[in-house]
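Below you'll find the structure, written out as structure tokens, and then a few comments.
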Amino acid sequence: MSSGKDPDANTPASPGEDPNPQVSSIRRVQTREMINIAQALTDAAAHAQNAPRIPDAAPRKTDAPGAALPQASVGAKPAIKPGGKPVAKRPGSPRPPKQPKPVRPARSQRPTTLAQDAINAKTGLVGVTHSGAPSLPPRVNPTAKRMISRLLASDSPPTQAIDIVEKLRGTPYANPKVNATKDASARKTLEFALDLAESMFRYGAGSLEVETSVIAVTAALGLRHTDVDITNQSIHLNFSPPEGESFSMLRVVRSWTNNFAGLAQVHQLVSDIVSGGVTRQQSVDRLRDISRKPRPFPRWMVAAATGLFAACFVVFIGGSLLGSALAFVSSVALGPVAKYASRWRVPEFFAIATSSFIVTAIAVLFHALRAPIDPALVVAGGILLLLPSARFVSALQDAINGFPVTAAGRFFSAALTYAAILTGIMAALVSAAMFGAPKLDVSVIDTISYPGWLLAALVVVAVIAGAITEQSDPKLLLPTGAIALMGYLILLGIQALGVGDRASPAVAATFIGLAGRWVAFKLRAPQLVLAAPAIVFLLPGLMIFRSMYGIVFNVDDMSGAMIQMFTAFTIMMAIAGGVVFGDTIARPLIGAEVLAERRNIRRR
């Protein structure tokens, strides 16, 4: 039963009302709704007087050929001769065959009047069906339609096929020239693109550079509808043209090598392909020659460069000449370790751990023999080239440029290399303590002061030696040393301004990244082959050894050693971030140079 009160007007209900469950379950109409409906009907009546009337329907014509025409009367139905004259029906004659009824055309929907539009706008309903459900209006309310469209609209369009060549905008490979060759084959072109990407990955290129190069090469060779997916060690290419056969190919990179010269040559090959002067078969032959070409420096020269770098860096951080000579010998001894580890397919973790163990063991041994050296400085110079500086830079660059999976894989690989260095140092220190070697005092290290010009010269020589160990192109050695010298001078200036020792390496690395991008563009080489060797002198090798020694022997101050190790790792990440930031801010600055390079590409 009702409560006796109208919910809106607060007037008592009529007495004696018979409560009907079916009626009471229906929602009661509010008084304000009745007022709105009444107003809508009043507006409808006012508009109905001026509404245009619908004309009568025209006589329908049959569409079926030979169908009987409609008759004016309902009398006899005379037959029709082929000539068109009606013939009376004779008694006893056979009845003519019944003609099929013509198909009536569908009646067009009657347009709504202004009155009907007013009702739809006011109420949104026009009636109730026989089952009691409200019937929808014949025309959607335009206001409600616009509101629902705004609610359901998305800020970004749905994923759809886009022109992948648009990703080349802002790079020297923008608007590549298509090579119209007779031997065009989608599958062979994709195979060449996979070989190119695999070579760049093996030589240490970043994911963004590999993706840009593959897109530019495939577009220049006639495949504009190629999607590239790079995930850590795998490269997936999918060619899906609007018309024609689709191809999908995958390649996994399972080996790595130090060959910055090969990376620079591949970069030049990509530029030549985009310029339109190299066909696909010529590109395949050139890439095969690059992969088969021997490295620019033999093994003995790489070993000597490794020792020279360690010797220069020991003097740079304040070590003695005897300590520098010892660092040279211990670093040269790492050559056979790397050679046999590669031949026997020993994992990289154990090879690096063995190398750091040898460097630390030799330094501690000579310290136990009372040699006038500081083992901490010798170890710091020996392990500096083992640090994965280039890998940290590539990983951070991938993370910033939108390759999170690849960046995570490279970060984990770099962290594992970092852990291998710490493992070798720890094993050497523990072994020396077991054999009775004296403990080291890493809190106070006696350093020697050298002239500033000598330190600058040592930086240049050490960086060039480090570039040789990375198998860089000989023509890029002097530019790499010049960039490192500029970074060192900037480092001194920043420290003179009062910036701390932890922030100044990041600022200097930013300038190195900027200069590396500019010089690399001029020499048609990747930025990584110039910036990665130039930042090695900024790495905190001495801090790493101090923190590791504190973790092993200073158990009482374990927290301080852990904080120092975390600080060293943070400095390394800040240096890598500075290189990436310098590369980023250099791209807009060389916009005019990029345009000039495009014009030169068109002329070649």
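The chain is numbered in sequence order, starting from 1.
Phe350 CZ: 12 or fewer foreign heavy atoms inside a 6.0 Å radius. Annotation for Phe349: atom CZ counts as buried by contact number, over 12 foreign heavy atoms lying within 6.0 Å. When the shell of 6.0 Å around CZ of Arg502 is examined, it contains 12 or fewer heavy atoms from other residues, nucleotides or ligands. Within 6.0 Å of CZ in Phe581 there are 12 or fewer heavy atoms belonging to other residues, nucleotides or ligands.
Closest approach of Leu386 to Ser355, counting heavy atoms only: CD1-CB, 4.0 Å. Scanning all heavy atoms of the two residues, the minimum distance from Phe260 to Leu528 falls at CE1-O, 4.3 Å.
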Run the numbers on Tyr450 and Val315 for side-chain contact (heavy atoms from CB on, under 4.5 Å), then give the verdict.
CA-CA 8 Å; Tyr450 294 98; Val315 178; 3.7 Å; yes
Is there a side-chain contact (heavy atoms from CB on, under 4.5 Å) between Leu196 and Val217? Walk through the geometry before answering.
CA-CA 9 Å; Leu196 182 75; Val217 167; 3.6 Å; yes
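For Ser275 (side chain) and Asp272 (main-chain N/O), a donor-acceptor pair under 3.5 Å exists by modelled atom type. The main-chain N or O of Phe328 is never found under 3.5 Å from a side-chain atom of Ser331 such that the two would form a donor-acceptor pair. Side-chain atoms of Thr231 do not come within 3.5 Å of backbone N or O of Ser234 as any donor-acceptor pair. For the pair Ser342 (side chain) and Ala338 (backbone), a donor-acceptor distance under 3.5 Å is absent. For Asp229 (side chain) and His236 (main-chain N/O), no donor-acceptor pair under 3.5 Å exists by modelled atom type. Side-chain atoms of Thr306 come within 3.5 Å of backbone atoms of Val302 as a donor-acceptor pair (strictly under, hydrogens ignored).
Here Glu191 pairs with Arg187 in a salt bridge; the nearest charged N to carboxylate O distance falls below 4.0 Å. The pair Arg286-Asp289 fails the salt-bridge criterion, with no side-chain N (NZ, NE, NH1 or NH2) lying under 4.0 Å from an Asp/Glu carboxylate O.
Taking the six-membered ring where the residue is Trp, the centroids of Tyr418 and Phe411 are separated by 6.0 Å or more.
With Leu458 as the partner, the side-chain contact (heavy atoms from CB on, under 4.5 Å) test is satisfied by one option alone out of Val460, Leu454, Val461: Leu454. Screening Leu208, Val210, Leu237 against Ile230 for a side-chain contact (heavy atoms from CB on, under 4.5 Å) leaves a single residue, Val210. Evaluated for a ring-ring contact (aromatic ring centres under 6.0 Å, His included) with Tyr488, the options Phe511, Trp453, Phe316 yield exactly one hit, Phe316.
Side-chain contact check for Gln281 and Asp285: at least one donor-acceptor pair (N or O, by modelled atom type) lies under 3.5 Å.
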